[in-house]
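Start at 1 and go down the list; that is how both ligands and their atoms are numbered. Quick note: numbers below take in every heavy atom, side chains included, and nothing from hydrogens, waters or symmetry partners. Computed from a predicted model, the values in this text were never measured in an experiment.
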Amino acid sequence: MSKPRVAIFDFACCEGCQLQIVNLEEDILSLIALVDPVEWREAMSDQSETYDIALVEGSITRPEDAERLKTIRERAKILIALGACATIGGLNKLKNNFDLTEVRQAVYGPAAGLAHLNTEPTRALDEIVKVDFKVHGCPIDNRELGAILRSLLMGKTPFIPTYPVCVECKKNGVVCRFEYNEICLGPITRAGCGARCPSRGAACFGCRGFVDDPNVNAAQDVMAYYGKTVEDLKSRMALFAGQQEFPKG
Ligand code: SF4
Ligand code: SF4
Ligand code: SF4
């Protein structure tokens, strides 16, 4: 049986999630042995118009990028969004809070009017094309990416948690950040990072996006118990979820 052809593409982002692939170190060799890498700008000069799996990093901020993404979608059997920029728009969506002409001016100064520096409101990949699987996080957890790819290669549906970060946090025996008078988005954020931030003494800021069907009522009860308001919670969401619809309870 021929190996699946895998291509990796990037749009507007810091490329930190691709770096996480490189950070797999020895494990990358076992993964590469299972697939046929045909395009990856960061690591090889080859390009290809045919591939089975497209791993796509970054968000869409220009009309021409949206067209390129549609072409990738047409060519790929499976499209995987890689990291918060791709899955929810990520930090790039912060710019949607401002006038885009002012944003261009602030970033590019006198060069802001150049045609190739055009910009439009940031969109996540699934606001433009169908996305088959999402590897969440900013950056991604490379072990999770490895597990998702191995599942796909074995013909299984990858496991992507549908419970909140609090579950992993409790499993790790971590003292809740609310006890330190902090606001943590763990109750409404999708697990899968192993509660990376609370386990290291920082509150979750929601880089993995909202969990499916979040228990907003329970989150509100937690907030009320610690003397916080929903507005406090929303202010914590500004970094990653300010442009996402607040989940209904
Ligand atoms: S999700 Fe975070 S680490 Fe990954 S490309 Fe975007 S900004 Fe960089
Ligand atoms: S609110 Fe945050 S710190 Fe508290 S249990 Fe949930 S994830 Fe952990
Ligand atoms: S704890 Fe929250 S902010 Fe930290 S990695 Fe996990 S989802 Fe992202």
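Side-chain contact between V174 and E168 is absent, with no heavy atoms from C-beta onward closer than 4.5 Å. The shortest side-chain heavy-atom distance between I188 and P164 does not fall under the 4.5 Å cut-off.
The contact set between ligand 3 and T189, taken as ligand atoms under 4.0 Å from a residue heavy atom, comprises 7 (S). Near C193, with a cut-off below 4.0 Å to any heavy atom, the atoms of ligand 3 are 1 (S), 5 (S), 6 (Fe), 7 (S). Atoms of ligand 3 lying under 4.0 Å from at least one heavy atom of P198, given by number and element, are 1 (S). Numbered from 1 in the order shown, with element, the atoms of ligand 3 that lie under 4.0 Å from a heavy atom of R208 read 7 (S). Atoms of ligand 2 lying under 4.0 Å from any heavy atom of P187, numbered from 1 in the order shown and given with element: 1 (S). Per-residue contacts place C184 under 4.0 angstrom from the following atoms of ligand 2 (heavy atoms of the residue considered): 1 (S), 2 (Fe), 3 (S), 7 (S). The contact set between ligand 1 and C13, taken as ligand atoms under 4.0 Å from a residue heavy atom, comprises 5 (S). In summary, the atoms of ligand 1 found under 4.0 Å from a heavy atom of E15, numbered by their order in the structure, are 5 (S). Applying the 4.0 Å criterion to heavy atoms of G137 picks out, from ligand 1, the atoms 1 (S). Counting atoms of ligand 1 from 1 in the listed order, those under 4.0 Å from a heavy atom of C14 are 3 (S), 5 (S), 7 (S), 8 (Fe). Within ligand 2, the atoms closer than 4.0 Å to a non-hydrogen atom of F178 are 1 (S), numbered from 1 in the order shown. Residue contact check: C197 has heavy atoms under 4.0 Å from atoms 1 (S), 3 (S), 4 (Fe), 5 (S) of ligand 3.
Of all protein heavy atoms, the one closest to atom 3 (S) of ligand 3 is F205 N, 3.4 Å. Of the protein's non-hydrogen atoms, C207 SG, 2.4 Å is the one closest to atom 8 (Fe) of ligand 3. When hydrogens are left out, the protein atom nearest atom 4 (Fe) of ligand 2 is C176 SG, 2.3 Å; that is the closest non-hydrogen contact.
Under a 4.0 Å N-O distance rule, the pair K134/D126 qualifies as a salt bridge.
Between the R104 side chain and the A112 main chain, a donor and an acceptor come within less than 3.5 Å of each other.
The cationic atom of R41 (NZ for Lys, CZ for Arg) does not lie both less than 6.0 Å from the six-membered ring centre of F9 and within 45° of the ring axis.
The one candidate from C204, C184, C197, C169 that meets the side-chain contact (heavy atoms from CB on, under 4.5 Å) condition with R177 is C184.
At a cut-off of 2.8 Å, C166 is not counted among the residues with an N, O or S atom near atom 8 (Fe) of ligand 2. Contact annotation: C204 places no N, O or S atom under 2.8 Å from atom 6 (Fe) of ligand 3.
D141 and Q20 share no donor-acceptor pair across their side chains, judged by distance under 3.5 Å alone.
Across all their heavy atoms, L79 and L69 have their closest contact at CD1-CD1, 4.3 Å.
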